[in-house]
Colleague: 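So that we are looking at the same thing, I have put the structure below in C-alpha cells.
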Amino acid sequence: MKEYLRSALGRVLRTMKNVPTGFLPELSVPANPDHGDFATNCAMQLARHLRRSPRVIADEIVAAFMATEHDPFYVESVTIAGAGFINFRCSDRYLYRELESCLAQGAEFGRSSTGLDKRALVEFVSANPTGPLTVGHGRNAVLGDTIARLLEWIGYAVTREYYFNDAGRQMRVLGASVRSRYEEVIAEEDQPFSTSARVVQHRHSYRAKQLAGSKTTVPASFPEDGYLGSYIIEIARELVRVHGPDLLDAKDDDCFERAAKQTILTDIRATLERLGVSMDNYFNEKSLYDSGAVSETLDALRERRMIYERDGATWFKTSELGKESDTVLVKYTGEPTYRLPDIAYHVDKMKRDYDVVINIFGADHIATYPDILRGLDVLDLDSDRVEVVIYQFVTLMRAGEEVKMSTRKANFVTLDELMDEVTPDVTRYFFAMRSAQKHLEFDLNLAREASDKNPVFYLQYAHARICSILQKAAEIALVSDPALAQLTLLEHEAEIALIKEIIQFPQIVVSCAQAREPHRLATYLRGVAEAFTRFYHSCRIIGERREVALARMALAQATGITLRNGLEILGISAPERM
RNA sequence: GCGCCCGUAGCUCAGUUGGAUAGAGCGUCUGCCUCCGGAGCAGAAGGCCAGAGGUUCGAAUCCUCUCGGGCGUACCA
C-alpha cells in the first residue's frame, strides 16, 4: 500500500511543472485515524519552491492522481485537509486481503526477505568468568538476543557470539579467593564447634574492618580485593567434596582458578539458556594470543607507522586520529592492555566477512570502541560495518532504595535471582520494553510482589483468551477455517481497527530490526492486545450467526498469530491458558 | 575541563524520516460482572515536552547556549 502510493505519487509529481527532479514524496501514518490511513505533506514542501499555496498544489496533485493513478483496490478516498495534507483512506478490500495473507502465513507472518543473503554477527554479554551474570548482563543479553532474533526474522543469517577472557590478574584473584574459602571450609570441618573463634579472629583482620557493617566475613588469608560472593564458597565446598583436604598442599592457585572458571562458565551458560539465549560461539581472548593474531595486529599497525615506544611502553598514535591523546597498547611490563586484543578480535571479525558486526555494550564501555574503530581504519578494514548499541545502566530499586551493584562485593543481584522472582518471560519483556539509551529503573519489590500488574501478562492474557475462545467455539462445532471465513463481514469499527493494527506487523519487524530497537516491538504488541480487547468487548463471537462468528474467529486467529510471532521475537512464551 | 547519553502527566516510560488536538501503564476519582477468561473495559482529572534563543509553512523531534542527572575520560578488566 505504502509502496503503491509512493510510486504513484512519484509519477504524478514528475508530470507537474517545476517540481525538482529527485523530489520524493514522504508518506506518514496520521496520529489521528480520522484523517486517514496515510498522509503526505508534499504539497506543503513544494509550496515555497513553486510559490503557490499548498492547497492549490494539493488540489492539482489529487486531480492528477485521480485521473491517472487511482487504484480503487487500494484507495477508497483521497481528501485534502489542514494546511495542505493529502490524506488517503485505504479500501476495506485491501485490508481483507492483507488479513488473508496473515492467516495464510501463520507462524511465518512477519518474516521478510529484506535482509536475505546477509550475514550479521552480534556480540553480546561477553562477561569474564569471575562471577554469575548480574541484572546488568541481563539487559545486555536480552537486547543482543532480541536484536539477533529481529535480524533473523528479516532474513539475516545471524551468529551470536560471546567474547571472554579467562586469563590475567582478575582470574588470579579469583583463584586466590577460592583457595582462601577452601582453606576456611577445611578448617571448619576440622573444628566444627569453633566458629565463634573464627569470627573473633576476623574482627581483628584488616579485611574485617573494611567489611564493618556488612554481614560478610572472610578468613585472614582472603585477598584484599577478592571476590566476596557466596558462589565462591559454593565452589570451595564442591572442591572439598571432591578432593577433601588434598588441595591444601597445592603449590599455586591454578587448580582453584581452573575449577572456579569452569563452574562459573557452566553457570553462565545455564543462566543464558534459562533466559532463552543460546550462543553460537564462545570466543576466547586467549586464542588471539595462541594464533599470533595479537602480535600480527601490532605488527600491522607498526607497518603503518602508527606505533611508537616511549617510557618502555608501546603506544598507538590515536592523537593523529582525532583523539586527545595517544593510547597504550603494551604496558612497560610487556603485557598488552585490553585494547590491543580487542582490536585483534575485531580484525578477526572483519575477516570472517559479515555484512554487519553489532556489539552490545554497557555505557561504561563507551570509551573503548572508538579505539577499536581507529585500529580497523588504520588497517584499511571497513569499520562502517561495525555498529555499537550502547545501553544505559540498570538501577535496581529495593524497598525504595537504590542498590549499588558490584561483582567484587557481595551485594549484587544475579540474573538468576531475578528470574526466580519474576520469571524469565517477565525479565525479557522488562528489559526489551524500553529504549536502550534510557536508564532502566527496576523496582524489585514491585516486580516481585505484583506480577498481575506486569504488562507482559496483558499480552499473554490476550493470547490465552483467544485460544480459549477458539477452543470453546470448537466445542459447539464452530471450527475456525480461514478459507471459509467471509472476511467482508468484518465491518465493525473495532474490527477494522484491529485489522489495521495486525497488518502493520511485518513492517514493524523490519523497522525494529533495522533500527536495532526491540522496544518498539513491545510497544506495538501492547497496541495489538489493546485493539483486540476492545474488539472482544464490542463484538461477540459465540452466539452470533454462523457466518459472522466464523469471520470473527478468523480475526481472532490472526490476532493470535501476530501476538505469538511477536512474543516469539521477544523470546517470550505465548501460553494457551494461564 | 573534555566526550557520550538522558531530562515528556504525581511515578515509570512511548512518541517512526520534523506534521494536524503530545500518548500509554501505574497511582487517584466515576461507572460496568446472569454475558466467548474482569489479569479486563468505558470515562475523568493530571503537561509552558528542563529553560532560552535559532532554522521553517510547521519543532518534544534538527542547531546553539544554559541548568539539572548518569556514564566515561588509566601503562584496571
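Since this is a predicted model, take the numbers as computed values, not measurements. Note on naming: letters A, B, ... go to the chains in the order of the sequence lines (proteins, then strands), and numbering restarts at 1 for each one.
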Colleague: Taking the side chain of A:Thr337 as heavy atoms from C-beta outward, which of B:rC75, B:rG19, B:rA14 is closest to it?
Modeller: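 In terms of side-chain proximity for A:Thr337, the closest of B:rC75, B:rG19, B:rA14 is B:rC75.
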Colleague: Choose from B:rG19, B:rC41, B:rG15 the nucleotide whose nearest atom is closest to any side-chain atom of A:His537.
Modeller: B:rC41
Colleague: Rounding to an integer number of Å, can you tell me how far A:Ile80 CD1 sits from B:rG19 C1'?
Modeller: 17 Å
Colleague: I want to know whether A:Tyr458 and A:Tyr461 have ring centres closer than 6.0 Å.
Modeller: no
Colleague: Can you establish whether the number of heavy atoms outside A:Glu493 located under 6.0 Å from its atom CD is more than 12?
Modeller: no
Colleague: Using atom P of each nucleotide, how far apart are B:rU16 and B:rA22 to the nearest Å?
Modeller: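 Taking atom P in both B:rU16 and B:rA22, they lie 15 Å apart.
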Colleague: Measure across A:Ala313 and A:Val328 and return the closest heavy-atom pair with its distance rounded to 0.1 Å.
Modeller: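 So the minimum-distance heavy-atom pair works out to CB-CG1, 4.3 Å.
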Colleague: Which part of the nucleic acid, if any, lies within reach of A:Cys539 when heavy atoms closer than 4.0 Å are counted: base, sugar-phosphate only, or nothing?
Modeller: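 Touches a base.
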Colleague: Counting only side-chain N and O atoms of A:Arg48, is one of them less than 4.0 Å from OP1 or OP2 of B:rC57?
Modeller: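 For A:Arg48, the contact criterion (side-chain N or O under 4.0 Å from OP1 or OP2 of B:rC57) is met.
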Colleague: Please figure out whether A:Ile541 or A:Glu26 has its closest RNA chain B nucleotide nearer the 5' end.
Modeller: A:Glu26
Colleague: Give me each pair satisfying side chain to side chain donor-acceptor pair (under 3.5 Å) with a member in residues 501-514 of chain A, each pair once, sequence neighbours excluded.
Modeller: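 Only A:Ser511-A:Arg520 qualify under side chain to side chain donor-acceptor pair (under 3.5 Å).
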Colleague: Scan A:Met433 against the nucleic acid and name what it touches under 4.0 Å (heavy atoms): base, sugar-phosphate only, or nothing.
Modeller: nothing
Colleague: Between A:His365 and A:Asn359, is there a side-chain donor-acceptor contact under 3.5 Å, judged purely by atom types and distance?
Modeller: no
Colleague: Can you check the distance between B:rC49 and B:rG31, where both ends of the measurement are the C1' atom (answer in whole Å)?
Modeller: 32 Å
Colleague: Within the structure shown, what part of the strands sits under 4.0 Å from A:Ala313 by heavy-atom distance: base, sugar-phosphate, or nothing?
Modeller: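 Base, at least one base atom sits under 4.0 Å.
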Colleague: What does A:Ala39 touch in the nucleic acid at a heavy-atom separation under 4.0 angstrom: a base, only the sugar-phosphate, or nothing?
Modeller: base
Colleague: Which atom names give the shortest non-hydrogen contact between A:Pro33 and A:Arg89, and what distance separates them?
Modeller: O-NH2, 3.3 Å
Colleague: Taking any heavy-atom pair under 4.0 Å as a contact, classify A:Asp311: base, sugar-phosphate, or nothing.
Modeller: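 Here A:Asp311 touches the bases of the nucleic acid.
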Colleague: Establish whether the base of B:rG19 is bridged to the side chain of A:Ser28 by a donor-acceptor pair shorter than 3.5 Å.
Modeller: no
Colleague: When you match A:Gln45 and A:Thr533 each to their closest nucleotide on RNA chain B, which lands nearer the 5' end?
Modeller: A:Gln45
Colleague: Stacking here means centres under 5.5 Å and planes under 30°; does A:His35 stack on B:rA20?
Modeller: yes
Colleague: Look up atom CG in A:Leu321 and atom CG in A:Asp377, then write down how far apart they are to the nearest 0.5 Å.
Modeller: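 Nearest 0.5 Å value for the CG-CG distance: 8.0 Å.
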Colleague: When all nucleic acid strands are considered with a 4.0 Å heavy-atom cut-off, which category describes A:Arg540: base, sugar-phosphate, or nothing?
Modeller: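 Contact class for A:Arg540: base.
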Colleague: Provide, to the nearest angstrom, the distance between the CZ atom belonging to A:Arg172 and the C1' atom belonging to B:rC76.
Modeller: 12 Å
Colleague: Does OP1 or OP2 of B:rG38 have a side-chain N or O of A:Tyr458 closer than 4.0 Å?
Modeller: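 False: A:Tyr458 side-chain N/O out of range (4.0 Å or more) of B:rG38 OP1/OP2.
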Colleague: Check every strand shown and say whether A:Ser325 touches a base, only sugar-phosphate, or nothing at a heavy-atom separation below 4.0 Å.
Modeller: nothing
Colleague: Take the angle between the ring planes of A:Phe431 and A:Phe442 and call it parallel below 30°, perpendicular above 60°, tilted in between.
Modeller: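 Aromatic pair A:Phe431/A:Phe442 classed tilted.
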Colleague: Please give, in whole Å, the distance from B:rA42 P to A:Arg534 CZ?
Modeller: 5 Å
Colleague: Pick base, sugar-phosphate or nothing for A:Ala522, based on heavy-atom distances below 4.0 Å to the nucleic acid.
Modeller: nothing
Colleague: Between B:rG23 and A:Arg526, is there an OP1 or OP2 to side-chain N/O distance shorter than 4.0 Å?
Modeller: no
Colleague: What is the distance, to the nearest angstrom, from the CG atom on A:Leu329 to the P atom on B:rC76?
Modeller: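 Atom CG in A:Leu329 sits about 13 Å away from atom P in B:rC76.
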Colleague: Would you measure the distance from the C1' atom in B:rA39 across to the matching atom in B:rC57 and give it in whole Å?
Modeller: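 Result for the C1' pair: 48 Å, nearest Å.
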Colleague: Compare the minimum distances between each of B:rG72, B:rG38, B:rA20 and the side chain of A:Arg465, then state the nucleotide with the smallest one.
Modeller: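 Out of B:rG72, B:rG38, B:rA20, the nucleotide with an atom closest to A:Arg465's side chain is B:rG38.
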Colleague: Which part of the nucleic acid does A:Asn87 contact within heavy-atom distance under 4.0 Å: base, sugar-phosphate only, or nothing?
Modeller: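 Counting heavy atoms under 4.0 Å across all strands, the contact made by A:Asn87 includes a base.
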Colleague: Would the number of heavy atoms belonging to other residues, nucleotides or ligands and lying under 6.0 Å from CD of A:Glu576 be above 12?
Modeller: no
Colleague: Would A:Phe85 pass as stacked on B:rA20, i.e. its ring centre under 5.5 Å from the base's six-membered ring centre and planes under 30° apart?
Modeller: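 According to the criterion (under 5.5 Å, under 30°), yes, A:Phe85 stacks.
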Colleague: So A:Asp364, base contact, sugar-phosphate only, or nothing? Heavy-atom distance under 4.0 Å.
Modeller: sugar-phosphate
Colleague: When we call it a touch if two heavy atoms are under 4.0 Å apart, what does A:Ser511 touch: a base, just sugar-phosphate, or nothing?
Modeller: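 Answer is nothing: A:Ser511 stays at 4.0 Å or more from every strand.
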Colleague: Give the B/S/- string for nucleotides 3-8 of chain B, one per nucleotide from 5' to 3', where a protein heavy atom under 4.0 Å of the base yields B, of only the sugar-phosphate yields S, and otherwise -.
Modeller: -SSSSB
Colleague: Pick the C1' atom in B:rU34 and in B:rU30, then give their distance to the nearest Å.
Modeller: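 Going atom to atom, C1' in each nucleotide, I get 24 Å.
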Colleague: In whole Å, what is the span from the NZ atom of A:Lys331 to the P atom of B:rC75?
Modeller: 10 Å
Colleague: Which atom names give the shortest non-hydrogen contact between A:Leu340 and A:Thr297, and what distance separates them?
Modeller: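 Minimum heavy-atom contact is CD1-CG2, 4.4 Å.
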Colleague: Per the side-chain contact (heavy atoms from CB on, under 4.5 Å) rule, which among A:Leu525, A:Ile572, A:Asp425, A:Val528 passes with A:Leu459?
Modeller: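 Going through A:Leu525, A:Ile572, A:Asp425, A:Val528 one by one, the side-chain contact (heavy atoms from CB on, under 4.5 Å) with A:Leu459 is satisfied by A:Leu525 alone.
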Colleague: Under 3.5 Å, is there a donor-acceptor pair linking the side chains of A:Tyr338 and A:Asn165?
Modeller: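 On atom types as modelled, these side chains do not qualify, holding no pair under 3.5 Å.
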Colleague: Rounded to the nearest Å, what distance is computed from the CZ atom of residue A:Arg55 to the C1' atom of nucleotide B:rC57?
Modeller: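 Between C1' of B:rC57 and CZ of A:Arg55: 14 Å.
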Colleague: Between B:rA74 atom P and A:Leu340 atom CG, what is the distance in whole Å?
Modeller: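 These atoms are roughly 18 Å apart.
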Colleague: Taking any heavy-atom pair under 4.0 Å as a contact, classify A:Leu27: base, sugar-phosphate, or nothing.
Modeller: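 Since a base atom lies under 4.0 Å of A:Leu27, the category is base.
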Colleague: Write down the atom of A:Arg434, the atom of A:Glu441, and the distance for their closest heavy-atom approach.
Modeller: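 Taking A:Arg434 first and A:Glu441 second, the nearest heavy atoms are NH1-O, 3.8 Å.
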Colleague: If a stem is a run of at least 3 consecutive Watson-Crick or G-U pairs, both distances under 3.5 Å, which stems include RNA chain B?
Modeller: B:1-7 with B:67-73, B:10-13 with B:23-26, B:28-32 with B:40-44, B:50-54 with B:62-66
Colleague: Looking only at atom P, what distance separates B:rA50 and B:rG10, rounded to whole Å?
Modeller: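 Result for the P pair: 13 Å, nearest Å.
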Colleague: With syn defined as a glycosidic angle within 90° of 0 and anti as everything else, classify B:rC33.
Modeller: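 Base orientation: syn.
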Colleague: Has A:Tyr338 got a side-chain N or O lying under 4.0 Å from the OP1 or OP2 atom of B:rA77?
Modeller: no
Colleague: So, does A:Arg310 get its side chain near the phosphate of B:rC75, meaning an N or O under 4.0 Å from OP1 or OP2?
Modeller: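 It does not, given that no N or O in the side chain of A:Arg310 lies less than 4.0 Å from OP1 or OP2 of B:rC75.
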Colleague: Can you tell me the distance, in whole Å, between the OH atom of A:Tyr536 and the P atom of B:rC33?
Modeller: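 The answer, rounded to whole Å, is 15 Å.
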